[in-house]
Structure formats: structure tokens, C-alpha cells
Amino acid sequence: MDKNLKNDLLIRAALSQPTERPPVWMMRQAGRFMKEYWEIKNKYSFLEMCKTPEIAADVTMLPIDLLGVDAAILFSDILVTAEAMGGDLSFEQGVGPRFSNPIRTVQDAENLSVDCLDKLQYVGDAIKVIQGRLDGKVPLIGFAGAPFTILSYLVEGGSSKDFKLTKTLLNNQPELAHSILQKIADVTVNYMNMQIEAGVNALQLFDSWALALSWNDYHEFSHKYNKYIISRLNRKDIPVISFCKGSSVFAPVMAEAQPDVVSVDWNADLLNIKKSLPSNMAVQGNLDPFVLYADKPVIKKKILDLFERMRGENGFIFNLGHGIMPDIHFDNVKYAVETIKEFRY
Ligand SMILES: Cc1c2[nH]c(c1CCC(=O)O)Cc1[nH]c(c(CCC(=O)O)c1C)Cc1[nH]c(c(CCC(=O)O)c1C)Cc1[nH]c(c(C)c1CCC(=O)O)C2
């Protein structure tokens, strides 16, 4: 464990060691629900923010300075790997991510580059700037998108409600799907190892849309590649968190890839999931993010209910089941963090 960390709650919990309270961070903790985010976003495009290390560091630091969470997460996006491979990525206000050159044919797949780590150097640079700013205050979480989720964006050309094109590809042209997934997996291994080299303290693999897959397809098109990636990380003592929406169902399969932590959506009982995993595997989650729209006493009660349920368990990191929505009130998020930080086992 990194001796230079002043607050190592997240690392201890991820490695299933005792903590005096659950550590807290939240997916999308540096984002549109903060007016300070908009003050920066109004001056730059989202990709400019990601690609300028000083700006990425400014945004990464917002939830550390304003919310007091126990971990920072690198300000970037899961889709930067797809861009480096050749996807023509833009983020449009109100539309979300778009690839103007969606991947559909064997030729499109062949055109995807694997040798593209140099294009992601700005992420390594940002990690170094952020670590300089953090100065050991809390750990820094790096991350990447998992191959199936990245494939879905590349094939659909953006976000999708039903993943119709992606699932049709998996059904009709599984070899083509596998060739793309393998390329993404190789890029992701190099990219995550580069983040370790640059100095992250933990890593999260985001397979957000795995819940779209059937049990068999999850094994074949998602889990196989996540396992491939996790087994090739030079993780030393750097914990690896595996996230997907669908983890209520897929958690036992996710565990076979041997992450340190399984991040759980809000459909499952977290203790039941924890008990179903190997004893040294931690869980992260799993408050329904919509609770943060509720009144403060409700927020407090739901957090304390979760903590009572998890009492006595090592290996528990508080998080939401998915990211904070942009219109959630900052005050409510801050209140949730304060409630968690006051709690003691
Ligand atoms: C699926 C996914 C994406 N990106 C990400 C995922 C996986 C997590 C999840 O399931 O939500 C991961 C991500 N995206 C972002 C981060 C930064 C760190 C953090 O605060 O969590 C992280 C870890 C910033 C972002 N990524 C994006 C924004 C908003 C950019 C803006 O200001 O318009 C931010 C702060 C844009 C983005 N990026 C993506 C979408 C669909 C969108 C637009 C819609 C949306 O926000 O949900 C793809």
C-alpha cells in the first residue's frame, strides 16, 4: 500500500482490510451538478477539458475540495480509447457522445488502430499533474471503458436505448465482433498499464451497458475480455474495481475475472452480493442515485440503512449504483458525503 497516502480508506476497503467507516466517492462526482464545473465547461469543449492536463486536474480536484470525498477520479471519459483507435468522437450538448464513422464492416474493424498509446499520452500527463495537486491527500482512481461498452458506442455511433445494431452484430457476425473486442481489449491493457506507470492508486473498469446482454452473451462478449484485461494489469498493490450495470445478476461471473472490488448497481441487496463473492473480494455501491433527489432525512435514512446492513463487513466502499445525474442538487450530494463521514462502525 502507498505509504504516502494521508487518507487510504479507499485502498484499505478495496483490499478488504478494516476501516473505521466506509470510504465514499461517487461516479460522476466531477460533473454538471456543480456550478464550478460549468464555470470551466462554459469556456472549453468537453474533449478540450479532458485533453488539457491542467484543466483535467482542475476538474478532478473539484469534488475533493468542495465535497471532501475519500478518492479522486481522473477527469476523462471512457470513450477516449475509442477515439485513439480511430473513432471520430464529438460530444454535443444535449445529445451526448457521437462517432461520425461508426464501425460496421470487416474493413472498418481492420482500420481500427491498436498501436495508439501515444495518442493517449495526455492522460498520463494529467495523472502526473493531478498527483502533484493531491499530494497524497486521497487516492486517485484511473479508469477505462470495458470492451463491450466501448464496442457498443463504436457500432451504434453514440448512445443507444436498445443496442439493436450491437446485438445484431453479435448475433450475425460474432467473429467480426470478437476481432473488434480483442483490439479494444489490447488497447485497454496498454492504456490501464500506462495509467499505473503514471501514478494512479486504483483502477476502475466501466462496463456500463453489460446489462443489455443475455447470460451467455455476457460470458462470450463481455466477461471474456474483462478477464483478459484484468489478468494483464501490472497491478502490484493497486486495487482494481469492476463496474457494470447488471452486476446484480453478473457479480459471480465478474468475480471470476478476479478484480479486488465488484461495483454493484442498486437492484441487488449489497450484503447478499458480498456474501456470494470470495471472502477477500470487496463490494462498492449501491445507493440508487435517485435517492439524492429526495429530502435530506430520507437521504440520511437510506445511507444509514445501507451501512447497518453492511455493519461488520470489511471490504465495503460507498458509491452510487450509477453516476450522479446532472440536475441533482449539490447540497444534497454534500449532505450525503457529510452523513457518511460522520458515521463510525
Ligand atoms: C458510459 C460512460 C461514458 N463515460 C463514462 C461512462 C461510464 C460510466 C457510466 O456508465 O456513466 C465514464 C466517465 N465520464 C466522465 C467521467 C469522469 C470522472 C467522474 O466524475 O466520474 C467518467 C468516469 C466525465 C463525463 N463524461 C461526459 C460528461 C458530460 C460532458 C458535458 O459537460 O456535457 C462528463 C462530465 C459525457 C459523456 N460520456 C459518456 C456519455 C454517455 C456522456 C454524455 C451523457 C452523460 O453525461 O451521461 C460515456
Side-chain angles (χ1 to χ4, degrees), residues 24-51 55-67 69 71-83 87 89-99 123 126-127 130 138 140-154 156-161 163 166 188 191-192 195 200 202-212 222 226 241-247 263-266 284-285 289 319-328 330 333 337:
V24 49
W25 73 280
M26 296 187 199
M27 290 183 268
R28 292 291 169 95
Q29 65 186 18
R32 289 162 292 182
F33 75 102
M34 285 179 166
K35 72 174 185 331
E36 292 79 1
Y37 173 84
W38 282 107
E39 283 163 14
I40 304 172
K41 179 68 205 295
N42 288 335
K43 289 190 251 170
Y44 309 95
S45 74
F46 176 64
L47 279 174
E48 271 172 334
M49 289 163 70
C50 295
K51 290 181 181 183
I55 300 174
D58 289 345
V59 186
T60 302
M61 292 304 291
L62 291 177
I64 308 308
D65 297 337
L66 302 175
L67 290 172
V69 286
I73 179 159
L74 167 71
F75 186 76
S76 184
D77 198 83
I78 60 165
L79 298 175
V80 297
T81 44
E83 186 192 47
L89 174 64
S90 60
F91 286 87
E92 287 163 32
Q93 202 63 57
V95 180
R98 252 181 53 83
F99 287 100
V123 176
I127 289 167
I130 296 162
V138 292
L140 174 63
I141 305 168
F143 69 92
F148 169 71
T149 292
I150 298 295
L151 174 81
S152 79
Y153 282 97
L154 279 171
E156 307 281 343
S159 300
S160 171
K161 279 195 200 67
F163 304 93
T166 312
T188 308
Y191 177 57
M192 292 184 108
Q195 293 187 33
V200 296
L203 282 166
Q204 179 155 319
L205 188 62
F206 282 93
D207 204 358
S208 302
W209 308 130
L211 87 166
S222 167
N226 296 348
I241 308 168
S242 180
F243 166 82
C244 82
K245 278 204 78 194
S247 49
S263 189
V264 182
D265 60 48
W266 64 87
Q284 171 175 281
N319 207 315
L320 305 172
H322 202 188
I324 303 176
M325 280 77 77
D327 60 345
I328 284 181
F330 176 85
V333 183
V337 173

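When a ligand or atom number is given, it counts from 1 through the structure's own listing order. In what follows, every heavy atom counts, from backbone to side chain, and hydrogens, waters and symmetry copies are set aside.
Judged purely by distance below 3.5 Å, without hydrogens or angles, the side chains of Gln204 and Ser263 never pair a donor atom with an acceptor atom.
Taking only nitrogen or oxygen atoms, main chain and side chain alike, Tyr153 does not reach within less than 3.5 Å of ligand 1. At a 3.5 angstrom cut-off on N or O pairs, Phe46 does not count as close to ligand 1. Where the criterion is an N or O separation shorter than 3.5 Å, residue side chain and backbone included, Lys41 meets it with respect to ligand 1. Ligand 1 has an N or O atom lying under 3.5 Å from an N or O atom of Ser208, backbone or side chain. Checking only distances, Ser159 never comes within under 3.5 Å of ligand 1, N or O to N or O. Considering backbone and side-chain N/O atoms, Thr149 never comes within less than 3.5 Å of an N/O atom of ligand 1. Residue Tyr37 has at least one N or O atom closer than 3.5 Å to an N or O atom of ligand 1.
In this structure the side chain of Gln284 reaches within 4.5 angstrom of the side chain of Trp25, judged on heavy atoms.
At least one heavy atom of Pro97 sits closer than 4.0 Å to an atom of ligand 1.
Annotation: Phe143 is in aromatic contact with Phe206 [ring centroid separation under 6.0 Å]. Annotation: Phe75 is in aromatic contact with Phe46 [ring centroid separation under 6.0 Å].
Shown are Arg28, Met34, Arg32; of these, the side-chain contact (heavy atoms from CB on, under 4.5 Å) with Pro326 is made only by Arg32.
With hydrogens and angles ignored, the 3.5 Å screen pairs no side-chain donor or acceptor of Asn226 with any backbone N or O of Ala146. Formation of a donor-acceptor pair under 3.5 Å by the Gln29 side chain with backbone atoms of Met26 is found in this model. A donor-acceptor contact shorter than 3.5 Å links the side chain of Thr149 to the backbone of Trp209.
Below 4.0 Å from some heavy atom of Leu74 lie the following atoms of ligand 1, by number and element: 17 (C), 18 (C). Near His322, the atoms of ligand 1 lying under 4.0 angstrom from a non-hydrogen atom of the residue are 9 (C), 10 (O), 11 (O). The Phe75 neighbourhood of ligand 1 comprises atoms 35 (C), with distances under 4.0 Å to a heavy atom of that residue.
Of all the heavy atoms in Ile150 and Ala82, the pair that sits closest is CG2-CB, 3.8 Å.
The protein atom (non-hydrogen) at minimum distance from atom 5 (C) of ligand 1 is Arg28 NH2, 3.3 Å. Nearest protein heavy-atom neighbour of atom 36 (C) of ligand 1: Phe91 CE2, 3.5 Å.
Contact annotation: for Lys245 versus ligand 1, there are no heavy atoms closer than 4.0 Å. When non-hydrogen atoms are compared, ligand 1 lies under 4.0 Å from neither the backbone nor the side chain of Pro326.
The pair Glu48-Lys41 does not meet the salt-bridge criterion, since no charged nitrogen lies less than 4.0 angstrom from a carboxylate oxygen.
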